[in-house]
Q: 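First the structure, then my questions, so here it is.
Bear in mind the structure is a predicted one, so any value in this text is a computation, not a measurement. Numbering of residues begins at 1 and proceeds along the displayed sequence.
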Amino acid sequence: MGRLKNEIMQFLTEMGFHCTDEVPEGSCADVIRVTEPERLILPLEISAATQEEAETHARAVSQKIGNLKYMTGKSPVIIPEDRWRSRSEMMKKRLLAHLGRHSQIYARNCEVRRIEKSEAAAFLSSNHSYGDAACRYRYGLFLKRHTGHIALKEGNPTPGEMVAVATFSNARKWIKGDKAIRSYEWTRYASLPGIRVNGGMGKLLKTFISEVHPDDIMSYADLEWSEGCVYEQLGFIKEGFKSPVCFRIDPSTWERSINPGVSGDEDRFFMNSGSAKYRLKLTEYE
């Protein structure tokens, strides 16, 4: 059993889950099976010494994911080793959330406010897989009140606390026919790990639209984490895909870098799954 797989299974067992390394028929031996709720977890150990090895590994992983989804009807939960080691607490809470262990709050009990660059950067650095990003508009979702049994649940955020952040780029302008189109990118969204904000993305998006009046908003769903269903629920249309990115991994910190400079002898490489591109048209154009 690989070290990463063993660590994840040990953590899940400590959290009270029953998990095994029984392999679904036609699957692969590095899958963890959680039996209640029924879910498969795919740990991705990172050992590629070159970009070419990382590309080969990524193709094999893509095939595994497809096979598992075909057999179970669900994509497995993917746990890349660098994320598990560099952002352990966040990843553990995300994993528990995938398995139904999360607190839920409702966007109707929250309010949206514009926030400063430093506030957004600190929140995203702690709670988003890729940290902060360049942007023009920054919004925070703040809890106003709890209702019902949720107010009594230990570990929930307290009123006044920021529970989610969304950021958007400045406008990119182009001419479509006789119209000047202002298009914006939704660059980041993150909520507190272990907290599911029901309606949070929609509320933040609605506020941005009402204040900025964009003609068009595009965004990317990182296929390492999501298939993009939430964008479709918000009215976005899938336009295509962004190619996978090969990262250099510093084994001393497990941080990712796309800097093409000279790598160290111990550096490893990891290629992600790429991204799905989504667009929300708010003004009709060809």
Side-chain angles (χ1 to χ4, degrees), residues 1-48 54-85 87-88 90-104 129 189 191 193-198 201 220-234 236-238 240-245 270-278:
M1 182 184 297
R3 180 183 171 192
L4 177 62
K5 180 178 177 180
N6 185 58
E7 290 177 11
I8 295 172
M9 290 186 70
Q10 181 178 343
F11 167 70
L12 291 174
T13 300
E14 291 171 355
M15 291 295 103
F17 290 96
H18 181 257
C19 54
T20 72
D21 57 354
E22 296 174 0
V23 182
E25 184 179 353
S27 182
C28 46
D30 51 1
V31 173
I32 299 169
R33 180 187 174 200
V34 178
T35 55
E36 190 177 342
E38 186 72 27
R39 202 70 197 269
L40 296 180
I41 300 163
L42 181 59
L44 298 181
E45 293 198 351
I46 300 175
S47 59
E55 291 173 8
T56 299
H57 181 254
R59 287 193 292 271
V61 167
S62 179
Q63 185 173 4
K64 289 177 186 177
I65 293 171
N67 290 342
L68 292 171
K69 186 175 180 180
Y70 175 78
M71 287 185 293
T72 66
K74 289 184 179 180
S75 294
V77 180
I78 301 170
I79 307 292
E81 184 175 14
D82 62 319
R83 296 303 196 201
W84 181 261
R85 305 210 180 286
R87 316 193 77 175
S88 177
M90 182 186 75
M91 289 300 299
K92 287 177 179 178
K93 289 179 180 179
R94 275 194 173 188
L95 178 55
L96 292 176
H98 276 293
L99 298 174
R101 294 271 187 92
H102 57 77
S103 296
Q104 182 165 270
S129 304
Y189 171 80
S191 61
I195 301 294
R196 182 159 293 173
V197 187
N198 194 336
M201 287 184 74
Y220 292 99
D222 186 343
L223 296 177
E224 196 172 307
W225 306 109
S226 167
E227 294 183 323
C229 297
V230 67
Y231 285 106
E232 295 175 8
Q233 293 167 6
L234 292 172
F236 285 73
I237 303 298
K238 185 185 290 186
F241 293 92
K242 185 177 180 181
S243 298
V245 176
F270 174 74
M271 178 169 280
N272 70 6
S273 300
S275 304
K277 183 178 181 181
Y278 286 87

Q: For the residue pair H102 and I195, establish whether any side-chain heavy-atom pair is separated by less than 4.5 Å.
A: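 In short, these two side chains do not touch, never coming nearer than 4.5 Å.
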Q: How long is the gap from CD1 on I78 to CG on L68, to the nearest 0.5 Å?
A: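 Atom-to-atom, I78:CD1 and L68:CG are 9.5 Å apart.
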Q: Would you find a donor on one side and an acceptor on the other, under 3.5 Å apart, between the side chain of E45 and the backbone of R3?
A: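 Indeed, once roles are kept as given, a pair shorter than 3.5 Å links the two residues.
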Q: Counting distance only, does the side-chain N/O of R83 pair as donor-acceptor with the main-chain N or O of M91 below 3.5 Å?
A: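 A pair under 3.5 Å: no.
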Q: Supply the atom-to-atom distance F11 CZ to S88 OG, rounded to the nearest 0.5 angstrom.
A: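 Answer rounded to 0.5 Å: 8.0 Å.
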Q: Applying side chain to side chain contact (heavy atoms under 4.5 Å, CB included), run through L40 and K74 and close with a yes or a no.
A: CA-CA 8 Å; L40 296 180; K74 289 184 179 180; over 6 Å; no
Q: To the nearest 0.5 Å, what is the distance between CG on N6 and CE on M9?
A: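 Here the rounded value is 7.5 Å.
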Q: Checking N272 side chain against V245 main chain: does a donor-acceptor pair fall under 3.5 Å?
A: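 Yes, because the side chain of N272 sits within donor-acceptor range (under 3.5 Å) of the backbone of V245.
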Q: Enter the distance from C19:SG to E36:CD here, rounded to the nearest 0.5 Å.
A: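 The distance works out to 13.0 Å.
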Q: Would you confirm whether R59, through its side chain, and A54, through its main-chain N or O, come within 3.5 Å as a donor-acceptor pair?
A: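 No; judged by distance alone, with no hydrogens or angles, the pair does not exist.
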Q: Give me the atom names and distance for the closest heavy-atom approach of K93 to G194.
A: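 Smallest interatomic distance, heavy atoms only, reads CB-N, 3.9 Å.
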Q: Answer whether the closest heavy-atom distance between the side chains of I65 and P76 falls below 4.5 Å.
A: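 I65 reaches P76 side chain to side chain.
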Q: Closer than 3.5 angstrom, by distance alone: can the side chain of Q104 be matched with the main-chain N or O of R196 as a donor-acceptor pair?
A: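 Not a single qualifying donor-acceptor pair exists.
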Q: Using the side chain to side chain contact (heavy atoms under 4.5 Å, CB included) rule, take F17 and T35 through it: C-alpha gap first, then chi angles, then the decisive distance, then the call.
A: CA-CA 8 Å; F17 290 96; T35 55; over 6 Å; no
Q: Quick check: closest heavy atoms across G228 and A221, and the distance to 0.1 Å?
A: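 Minimum heavy-atom contact is CA-CB, 3.8 Å.
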Q: Quick one: pull up CZ in R39 and OG1 in T72 and give me the separation to the nearest 0.5 Å.
A: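 Rounded to the nearest 0.5 Å, the CZ-OG1 separation comes out at 8.0 Å.
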Q: Between F236 and Y278, is the gap from one ring center to the other below 6.0 Å?
A: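 Between Y278 and F236, which both carry aromatic rings, the centre distance is not below 6.0 Å.
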Q: Just wondering, do L95 and I41 contact through their side chains at under 4.5 Å, heavy atoms?
A: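 A side-chain contact under 4.5 Å exists here.
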Q: Looking at E38 and R33, does any basic side-chain N land under 4.0 Å from a carboxylate oxygen?
A: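 Salt bridge: yes.
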Q: Quick one, Y231 and K238 - any side-chain contact, counting heavy atoms below 4.5 Å?
A: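 No, every pair of side-chain atoms sits at 4.5 Å or beyond.
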Q: Working to the nearest 0.5 Å, report the span between CG of L223 and OG of S275.
A: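 Answer for the CG-OG pair, L223 versus S275, is 6.0 Å.
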Q: Is it the case that the side chain of E232 and the backbone of I237 share a donor-acceptor pair, with hydrogens and angles ignored and the cut-off at 3.5 Å?
A: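 No; zero donor-acceptor contacts below 3.5 Å.
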Q: Closest heavy-atom contact between E81 and I46?
A: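 Heavy atoms only, the tightest pair is OE1-N, 2.8 Å.
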Q: Any side-chain heavy atom of Y220 sitting closer than 4.5 Å to one from F241?
A: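 When only atoms from C-beta onward are counted, F241 and Y220 do not touch, as no gap falls below 4.5 Å.
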Q: Specify the closest pair of heavy atoms between D222 and G274, including all atoms of both residues, with the distance to one decimal.
A: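 Scanning both residues completely, I find the closest heavy atoms to be OD1-O, 3.7 Å.
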Q: Please find the pair of heavy atoms, one from P80 and one from E224, that lie closest to each other, and give the distance.
A: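 It is CG-OE2, 3.1 Å.
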Q: Under a 4.5 Å cut-off applied to non-hydrogen side-chain atoms, are H18 and V34 in contact?
A: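 Heavy-atom side-chain distance check fails, nothing below 4.5 Å.
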Q: So do V31 and D21 actually touch side chain to side chain, heavy atoms under 4.5 Å?
A: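 Counting from C-beta outward, D21 and V31 never come under 4.5 Å.
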Q: In terms of side-chain geometry, is the basic nitrogen of E7 or K92 positioned less than 4.0 Å from the acidic oxygen of its partner?
A: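 No, E7 and K92 are not salt-bridged.
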Q: So do I8 and I32 actually touch side chain to side chain, heavy atoms under 4.5 Å?
A: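 Side-chain contact under 4.5 Å: yes.
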Q: Is a side-chain donor or acceptor of S62 paired with a backbone partner of A58 at a separation under 3.5 angstrom?
A: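 No; judged by distance alone, with no hydrogens or angles, the pair does not exist.
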Q: Say whether S129 and R94, considering side chains only, have a donor N or O and an acceptor N or O under 3.5 Å apart.
A: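 Yes.
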